[in-house]
Amino acid sequence: MRAILYLSSFFIMLSFFSCKNDVASALLKGEQVEYNFTNAELSERFVDEGLVSQFSLISNNGGSEAKIEALYIGSQDRIKTDTIILYLHGNSPSMNDYWQLTVDLANVGGKHNYGVMMFDYRGFGNSEGQSESIEDLVADAEACITWLEARGLTKDRLAVYGYSLGAMPAAHLAAEQSVLEIEKVVLDAPQTTSTKLLQDATGLSLSGSTVTSFDYNIPLVIQDYDNYLLWIHGTEDKTASFENFKYVYDRYDNPKKSSAELEGVGHSTAIEMGFPAYEALMLKFIRQ
Amino acid sequence: MKPLAKGETRVAVDLGGPVVGFPIPMSSISAARGASEKLSVFGGFHATTLAYNALQFDAGVNYSLLETNKWKPGISGSLILNPIIDLRVGNSSIFPETAFNFYWLLKDRHVPFIGLTNWYDIAKGAVELEKGKLMHPALYLGYNYEGAKWIFGIEAKWLNFNKTLMIPQVEYTSIGGKGAAGVYFKAAYRIFKK
């Protein structure tokens with residue numbers, strides 16, 4: 001009988017102490033870092049370091065405030081005239097991992113041709129708090145748009161670029177009421193829904209809410225978006241299924257949609273396709 | 001697995017799961033009883049799933065189809081129900097399961113076994129983007145040491161070997177790009193044996 005008691009106690013304690021677990025908290029992998037946005041960290045294509053600024057913003061998700069860290073590449077004085085790309089990064093620890101990619105975007109069409117803004121979601125990099133919902137990520141992006149709008153950005157010069165994890169808030173931001181209406185959005189290597197993520201991992205018809213309250217649904221929300229959308233995806237992506245988003249894209253009724261379906265390319269789309277092809281793709285999209 | 005003797009009752013703890021560098025520690029506690037010479041009934045509760053805010057149970061029967069005799073394997077078949085209830089929003093699923101087990105009893109305490117199990121996704125239409133499948137098979141191979149009171153076992157499984165799984169940002173072990181490999185450990189205690 002003692003064995004039964006021991007075993008039962010172990011399981012009751014295990015269940016009691018860990019009943020608030022959420023798979024999202026394990027998958028959203030931010031960590032504190034020392035930011036290093038210098039040319040020394042770049043291997044190709046550089047910036048005028050005097051035009052790089054790193055600063056903090058306050059993000060507010062329905063009263064849940066967090067101080068988040070942001071980066072702007074370009075002259076802040078030209079926000080009122082430049083085209084600006086707001087870059088929503090993927091699920092790496094911090095902005096450091098996307099420094100070269102954002103510098104590349106700033107250099108599309110010529111050195112510092114576009115202003116580029118990037119930020120760390122709450123709980124990523126040195127941003128405070130913890131990302132627990134898609135609304136948290138969207139609120140952090142909204143804080144950046146608010147900052148840009150206060151410096152003169154208008155909706156016709158804004159493009160929102162969501163890579164991997166960033167495609168989730170980018171799609172939600174585009175479809176929902178934003179501070180500035182989103183007229184151009186790029187979804188680069190996107191997932192589809194939280195439920196599909198679990199179903200691809202298990203093969204079973206389980207709802208995403210079985211393991212997480214982090215609920216997102218790109219196929220659903222983009223039905224409410226009818227402006228320019230560019231979908232970029234590698235056919236060999238092992239992190240976000242190409243076939244899944246292809247299914248969504250093919251059924252997405254929007255005459256302003258376009259795609260770059262990259263044969264043989266994996267999850268690191270921009271890097272794998274090479275800068276000349278990437279630059280041409282981005283120029284064509286932004287200039288339309 | 002090997003059916004229990006009539007009147008025998010066991011409680012067991014299972015620990016293990018798909019290998020992602022290490023086996024995911026999915027844990028469950030279960031009880032089984034030999035209802036007759038051929039039929040055992042059992043039920044289990046999955047603690048790790050509860051830790052993620054979902055209730056998962058299993059309940060089933062195991063029937064002896066053929067007794068083992070020296071090197072000739074014993075064969076048993078199992079019918080199992082696996083309900084899963086999501087405690088966040090209340091979604092529920094139930095997955096019927098069948099299994100065929102081949103086992104040997106060597107020197108009265110060594111029990112190697114192999115088998116094929118299959119989960120049936122009767123709600124496969126609920127899989128998004130029209131990609132649901134009815135059959136979710138797994139092959140397994142293992143060994144139990146059956147002492148007078150305690151039973152210890154280890155088992156390797158090839159889960160979902162008929163499909164390619166996609167688990168983002170996790171290095172899981174597949175075989176030929178199909179399914180996922182899992183490792184499981186068991187400790188069971190005989191409460192009494194008739």
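Just so you know, these numbers use all the heavy atoms, side chains as well, and skip hydrogens, waters and symmetry mates. Here is how names work: the chains are called A, B, and so on, in the same order as the sequence lines, proteins then strands, and each is numbered from 1.
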Return the minimal non-hydrogen interatomic distance between A:Ser205 and B:Ala126, and the atom names on each side. CB-CB, 4.1 Å
Closest non-hydrogen atom pair, B:Leu165 against A:Gly203: CD2-N, 4.1 Å
Under 4.5 Å heavy-atom distance to chain B, tell me which part of A:Asp237 shows up: side chain, backbone, both or neither. backbone
Give, as side chain, backbone, both or neither, the part of A:Glu243 having an atom under 4.5 angstrom from any heavy atom of chain B. both
Cut-off 4.5 Å, heavy atoms of chain A, and the answer for B:Tyr172 is neither
Which answer fits B:Leu129, side chain, backbone, both or neither, if we ask what part of it has an atom under 4.5 Å from a heavy atom of chain A? both
Most chain A-contacting option - heavy-atom pairs closer than 4.5 Å, from B:Lys124, B:Lys163, B:His136: B:His136
Should we count [atom1] of [X] as having more than 12 external heavy atoms under 6.0 Å?
{"X": "A:Asp253", "atom1": "CG", "value": "no"}
{"X": "B:Tyr63", "atom1": "OH", "value": "no"}
{"X": "B:Phe100", "atom1": "CZ", "value": "no"}

Under a 3.5 Å threshold, yes or no: a donor from one side chain and an acceptor from the other, between A:Thr210 and B:Asp86? no
Would B:Glu128 and A:Thr192 count as having a side-chain donor-acceptor pair, cut-off 3.5 Å? no
So, A:Asp200 side chain and B:Met166 main chain: donor-acceptor pair closer than 3.5 Å or not? no
Would you compute the distance between atom CD1 of B:Ile167 and atom CG of A:Leu198 and round it to the nearest 0.5 angstrom? 10.0 Å
Assert top hit (heavy-atom pairs under 4.5 Å, partner chain B, pool A:Thr239, A:Val211, A:Leu204) equals A:Leu204
